[in-house]
Student: 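The structure is given below, and queries will be raised subsequently.
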Amino acid sequence: MSTLGWSSVAGGDRMIERCFTADERRYAVGRPDRLAARWAAKEAVVKALGTGFRGIAAHQIEIVHNARGEPSVAAVGTMPWPHGGDGWTWGLTISHEGDAAAALAVALAPE
């Protein structure tokens, strides 16, 4: 049995530990739909950066919620993001239903 309980998720525990922060994993325990939504959000962020996952690792992006429950993007670690994206202002929306998850990330880069 999977130690994190994600044996049904493609890639299993190894992928989960490599791509998600400890806080993201805690938030999603027993809820693979929450991980799927976070993965969609991370993909939306790297697409907004214009690089895909080249020059940035999934675990450098953390999907967090503010006090009102709105999702947001946080930089993790000290490695800079491509194009300075770790200093941009981010807007994020996430949706998931059943087996489907979608996210849209919008970034404002300083002039």
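Since the structure is predicted, the reported quantities are computational estimates derived from the model, not experimental observations.
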Student: In the structure I gave you, are the side-chain heavy atoms of L108 and W88 within less than 4.5 Å of one another anywhere?
Tutor: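 With C-beta onward as the side chain, the pair stays apart.
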Student: Atom CZ in R25, atom SG in C19: separation rounded to 0.5 Å?
Tutor: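 One gets 10.5 Å once the value is rounded to the nearest 0.5 Å.
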Student: Which pair of heavy atoms, one from A48 and one from W90, lies closest together, and at what distance?
Tutor: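 Where A48 meets W90 most closely, the heavy atoms are CB-CZ3, 3.7 Å.
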Student: How long is the span from the CD1 atom in I61 to the CG atom in L92, to the nearest 0.5 Å?
Tutor: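 CG of L92 is found 10.5 Å from CD1 of I61.
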Student: Scan for side chain to side chain donor-acceptor pair (under 3.5 Å) pairs involving residues 35-48, sequence neighbours excluded, and state none if there are none.
Tutor: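 Sorted pair list: E24-K42, R38-H65, W39-E43.
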Student: Are I56 and M15 connected in the hydrophobic side-chain network, where two residues link if heavy atoms are under 4.5 Å apart?
Tutor: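 Same cluster: I56 reaches M15 through Ile, Leu, Val, Met, Phe, Trp or Tyr contacts under 4.5 Å.
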Student: For A103 and A44, which heavy atoms make the closest approach, and how far apart are they?
Tutor: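 Looking at all heavy atoms of both residues, the shortest contact is O-CB, 3.8 Å.
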Student: Rounded to the nearest 0.5 Å, what's the gap from OG1 on T21 to NE2 on H59? Could you check?
Tutor: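 So the OG1 of T21 and the NE2 of H59 are separated by 10.5 Å.
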Student: Does anything in residues 92-103 form a side chain to side chain donor-acceptor pair (under 3.5 Å)? List the pairs, not counting sequence neighbours.
Tutor: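 Found D33-H96.
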Student: Quick one: does R34's side chain have a donor or acceptor within less than 3.5 Å of a partner on R31's backbone?
Tutor: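 Such a contact is absent between R34 side chain and R31 backbone.
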Student: Of all the heavy-atom pairs spanning N66 and R68, show the shortest one and how long it is.
Tutor: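 Looking at all heavy atoms of both residues, the shortest contact is OD1-N, 2.8 Å.
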Student: Check for me, please, whether F53 and V45 land in the same ILVMFWY cluster - side-chain distances under 4.5 Å, paths through other members count.
Tutor: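 Per the 4.5 Å side-chain linkage, F53 and V45 are co-clustered.
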